[in-house]
Structures are given as structure tokens and as C-alpha cells.
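Notes to accompany the following structure.
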Amino acid sequence: MRDTRSKKRIAFLELSHVFANQIKLPYSTGCLWSYCRQNPIITSNFSFDVQDWYYILDDKLDVDDVVNQLSKCDILGVSYFVWNTVISDTICEKVKQQNPNILIVYGGLGTPKWGRCDEFIQERPFVDVIVHNEGELVFENILLALQNEQSFESIKGITTKSFTNELESRIKNINDLPSPYLDGLFDDLVKSSNHDYVFEALIEPERGCPYTCSFCELGDRFFTKIVKQPMDKVYSEIDWISSHKIDYMHVIDNNFGMFPQHEDLTEYIIKKRDATGYPNALNITWAKNKKPFLFRIAKKMNDAGLLKGLTVALQSMNPKTLKAINRDNLDLHNLKDIVNLMKEMKIPAFMEFILGLPEETLDSFKKGLYDLMDDIQYHNYVGINNMIALPNTPFGDEKYLNEHGIKLVKTSPAFYHHQHPKEKLLKDSNNLIASTNTLSFDEYIEANLWKWYLTSTHMLGWTRVISIDLNKNFLLSFKAFYDNLFEFFINDETSLLYSEYNITKELLYKVFDGTMPWGRVVSEVSNLYWPYEEATALIFAQNKLRFYDEISAYIFKEYDNFDDPKYIQELLQKQSNKMKDPYKMYGGNLE
């Protein structure tokens, strides 16, 4: 029931996309209001109703309806990040037109860094205030200044069209901050929800990151000191998540496994899951430096079925690139030890690269992938993410962009496994690095195609058994096998790989000319947007005999000196048998 007294009315906008019928709880604005409503002056003079909390970004979102509701409020707090920038701007511009007196406050990692906001805020006349870094103290001070009819000029950590104030200090004791899980705020939200989506939860064991990687929004030195939540508080939040039967949980910690208490937290999560069934899946960012207890944590989670593997975030294997992004990697010897240890412990490992970083070349990118295969003997999945230039990182700084010759292109958000309409996806955008001093745009497209090629063939398993066997028994390098296979199919316009290569290439160019979102729909399978390599895997599954006939032709042509043709035939059969047949195992359900 709405408060009918003469209080200033607050609303929040924290829009997230829906995936697999799941929507995130609006954690950022939840933390903001949980903190502010502790202050009796604020609760006496400001009201917030969870019906004025908009957090679902789906194809049912009616912009005009949202605008009409928000225009009735006095203050609008916006959590602004790469996936909601355009739609948030659209809504806020219309809200301001309907209600010129509303105070619109932007915060979040989608806003430019302190000192770089002049152009951003001048281009958005509907934005009144930008909050930098942590928002709890700053938003409270904004509300108190409003109540006392004071100027904002003394409030630290904000930018307006007229001035930028010095930053507010870090919050040293986040254990003193209330939790929207534990103070009843999310209870109110869940009770009032009028949708059929299931919620995803987020917990925050720590804030901060000791590293200063230039591509990361937490790479600023403002956040290098890590401050911790008390474990009892985090346990209580997990109790709430478990009791509300929330299946999927994000652990908001850039270095999970850095501290020994993370092992205790892991055991508690497993204990709750075993007792209640929830949470049953985790999204984790693992610590960069792998300490012994981190592997124990990963082993426990893997054995409990709570995650698919341990990610090693390499980002690049090129020393010049690592220097340019202020990142030190493990040397190859240590990396090999880690991969071997994970094999011994039967923990699946997943490497992570970023495509489009400064000083990377097409050759160095390909070499990095081949080094993993040939030198490290790593053959699992490599997650290769396209570099998004976040405005509050060095990639939002013209000097840094010019230094490395970085060119940005707006594309739709680079995500997959969804069924959002093409027209809606193209309305939002990210700034992607499409070329640098060392990587032209056409080379960047070709690097994406090598990502597609090596992932769809080797990492997803379709030729992995063959290449590993030839490497082991004939010392044939993975680089030679895949370079030669590439030359073989690129010169055969009738081959399945040639067709898939050209389809993928055409789609990539359409992404950058703004006519297509990221991903590929395989219409005879479903309406999902798949990563390009997964779409190709579906095509391989539909044309399995043809694919392996072509691989057989390649091997007998390229390696005609094999003395035993029977060995090759048996190897091809072994490879084919290894790949699950969806027509047999899943009744033809390829999705």
C-alpha cells in the first residue's frame, strides 16, 4: 500500500535481461535503499514502494507504461551498466519530459569514471547527478541535502552539469551495511512480483580487487583494498536464498578462492544445497593466483555438482599485451603444473581469453591458442570474450585509446543463449574494440573466425580425439593439424566447414554494420541465439557422416604417408563414436 503522506517518492531502475526464464534480484539498488532507510530522517520524509522498482528487461517491457509510473515519483535512482544503457537513457529522457522536476540520479559501472563525465552528462540533459564508486553513503547524502534544502556542492562523490566534487572515501566496514536479504526488502519484492520468472540471487563476500587490470571496472586503484563481510552475515543471506528456493547464485567476488574462509563458505553452500536443494548452480570469478586451498574449493564444488569447472583467466598469452593491460600472468611452466594438477584432481579447467586487447596481433592470438594445445597439452574449452570498452576503465580514456590506436564500434550487447527479438537487441549497444595499432578490423574479424574454427572443431570435441592421437603417436603438432585443415577446407567450396566459415564471417560483418545482433539462430533447431561455434556444432550433429567423410578426405590427402590406412579408419570411428548423437541420446532434440 502506498504511503499517502507528504513524503518525497523514490523509484529505482535496475534493468537486467532474462535468461533461461531467470531474472536477477536488483542487488545494487537494493543495497542502496537498505542502507538509506536505516536513517530515520530519510524514512520520515521519503517513501519507497517496491512497485516503483523496475528490474526486468524483456520483450514485455512497455516503455510508455514504465515512464508513466516513474513520472509520478520525485527521485529516480538508476543502476547503469553495459546491458541497459540505451533503454535506461530512453526511459529517463521521457520521464524527465513528463516530470521536469524529478531528480534523476545515475550510478553504476556504466557511467564514466570520475573526471570524465562532462561530455556524458551534457549529452544527457535528463540526468541531474552521477554518483561515483560506492553509492550507499553518497545517495544518503543526496536525500539528506534534499530534505534540508541544501546545495549538492558539499556532497562528495558526485558530478552534476555544473560541478564535479572530490570522491567519497571507501566504505571501510561493509559488515555494518544492512542486507536487502535480511532486512525484509527482498521479501517485499518477491511477495509483490507479478511475473513468472524465477529469481537469481547475488551475494558479496568481499568488495575490491588488488589487481589493476585496465580492462576491468574494478581495476581502479580506488578499489585495490579488499574489505570483507562477516561470514555469519553471508551465511544468513545464503539461508534466505535457500529458503526462497533460488536455484542460481552469483558470487560477487573478483577473486573467489583468495582467502581460506572461502573454503568454509563453500562447505556451507554445499551443506544448504544438500539439505534443501538450493542454491544448485553458481557463477564464480576465481582468484588469479591459485593457492592450494583454491583447488580444494574447486574440487568440493565440482564433486557436489555446483559448477562445471575452474576458470583460469589468462586473457592473453602475449607479453606485450599483458604489459599494455597492466596484467601479469603465470609463466608457461607454472600454467602447465596447474593444468596437470587439475587433471590429477579431476577438476575440469577452462581458460579465458579476451579478443581485441591492445598489442595483440592475429598471429599472437592464434599462437596463444596453439601454445595451450602444443606446449601445455590443454584441450578443454577456452572462453574467448570480445573486449567491451567500459567507460570507467582506461578504455574510456581518449589518451589510452590514442596510444594504442584503439577504434570502438557500437554493436548489440555481446551475449547468447536467449530468444530476445532482434529489433529489441539492436536498440541497446556496447562499445567493442574493433581494431588497434596491431590488429586491423579485417584481422579482428579473422581472429573471431579462428576463435570459431578452433572452438567448434577442437574445443567442442569434433576433431579433438583425432588431433590428440596424431600428436601422441606421430608427433604431429596441433598447429600443423589445424593450419593444414584450414587450408584444406578454405580451398574446397563444397565442404561443410567452408560453408560454415562463410556463414559465420557474413554474420560477424553484419554485427558490426548494425544489422544483426551477436549470435546465430539455427532455425530448424530453435529460436535461440547461439554462439557461432555452438551453432556450427549443431550443424555438425545434423551432418555427422558428411563431416567425418570430409575429415577423412583431409587426412588421407594431407598425410598420405601413413602406412596403415586401417589405423586412420579406426581413429575416425573412435572420434565419431566419442561425439554424442542427439538423435539417439535425446530423441532428436538438438537444443
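Remember, predicted model here, so these are calculated numbers, not experimental data.
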(Q) Evaluate Asp52 against Lys72 for salt bridge (Lys or Arg N to Asp or Glu O under 4.0 Å), listing each step before the verdict. (A) CA-CA 10 Å; Asp52 295 327; Lys72 300 171 185 175; over 6 Å; no
**Q.** Which residues share a side chain to side chain contact (heavy atoms under 4.5 Å, CB included) with Gln97, sequence neighbours left out
**A.**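 Expected list: Glu93, Lys94.
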Q. Any side-chain donor paired with an acceptor under 3.5 Å for Tyr197 and Asp58?
A.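 Note: Tyr197 and Asp58 side chains meet the donor-acceptor criterion.
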(Q) For Glu204 and Tyr27, which I'm curious about, is there any donor-acceptor pair between the side chains at under 3.5 Å? (A)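 Looking only at side-chain atoms, Tyr27 and Glu204 do form a donor-acceptor pair, the distance falling under 3.5 Å.
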Q | Asn68 side chain to Asp64 backbone, donor-acceptor under 3.5 Å | A |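 Here the side-chain-to-backbone pair exists.
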Q.
Between Thr43 (side chain only) and Pro40 (backbone N and O only), is there a donor and an acceptor less than 3.5 Å apart?
A.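 Side chain of Thr43 to backbone of Pro40: a pair is present.
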Hey, do the aromatic rings of [X] and [Y] have their centres closer than 6.0 Å?
{"X": "His418", "Y": "His17", "answer": "no"}
{"X": "Phe199", "Y": "Phe186", "answer": "no"}
{"X": "Trp240", "Y": "Tyr235", "answer": "no"}
{"X": "Phe163", "Y": "Phe152", "answer": "no"}

Q | Steps toward ring-ring contact (aromatic ring centres under 6.0 Å, His included) verdict (Tyr35, Phe139) | A | CA-CA 9 Å; Tyr35 179 80; Phe139 196 69; over 10 Å; no
Q) Looking at Lys233, Lys272, Lys271, which one forms a salt bridge (charged side-chain N to carboxylate O under 4.0 Å, His left out) with Asp239? A)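 That would be Lys272.
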Q. Parallel, tilted or perpendicular for His417 and Trp530, by the 30°/60° rule?
A.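 Ring orientation, 0 to 90° scale: perpendicular.
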Q) Which of parallel (below 30°), tilted (30 to 60°) and perpendicular (above 60°) describes Tyr80 and Tyr106? A)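 Tilted.
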Q) Hey, is CD on Glu119 packed in by over 12 heavy atoms from elsewhere, all under 6.0 Å? A)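 No - once you tally the heavy atoms of other residues, nucleotides and ligands closer than 6.0 Å, there are 12 at most.
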Q) What's the verdict on ring-ring contact (aromatic ring centres under 6.0 Å, His included) for Tyr248 and His250, showing C-alpha distance, side-chain angles and the deciding distance? A) CA-CA 7 Å; Tyr248 196 89; His250 302 262; 5.0 Å; yes
Q: Mind checking ring-ring contact (aromatic ring centres under 6.0 Å, His included) for Phe350 and listing every partner two or more places apart, or none if nothing turns up?
A: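 Applying ring-ring contact (aromatic ring centres under 6.0 Å, His included) to Phe350 gives none.
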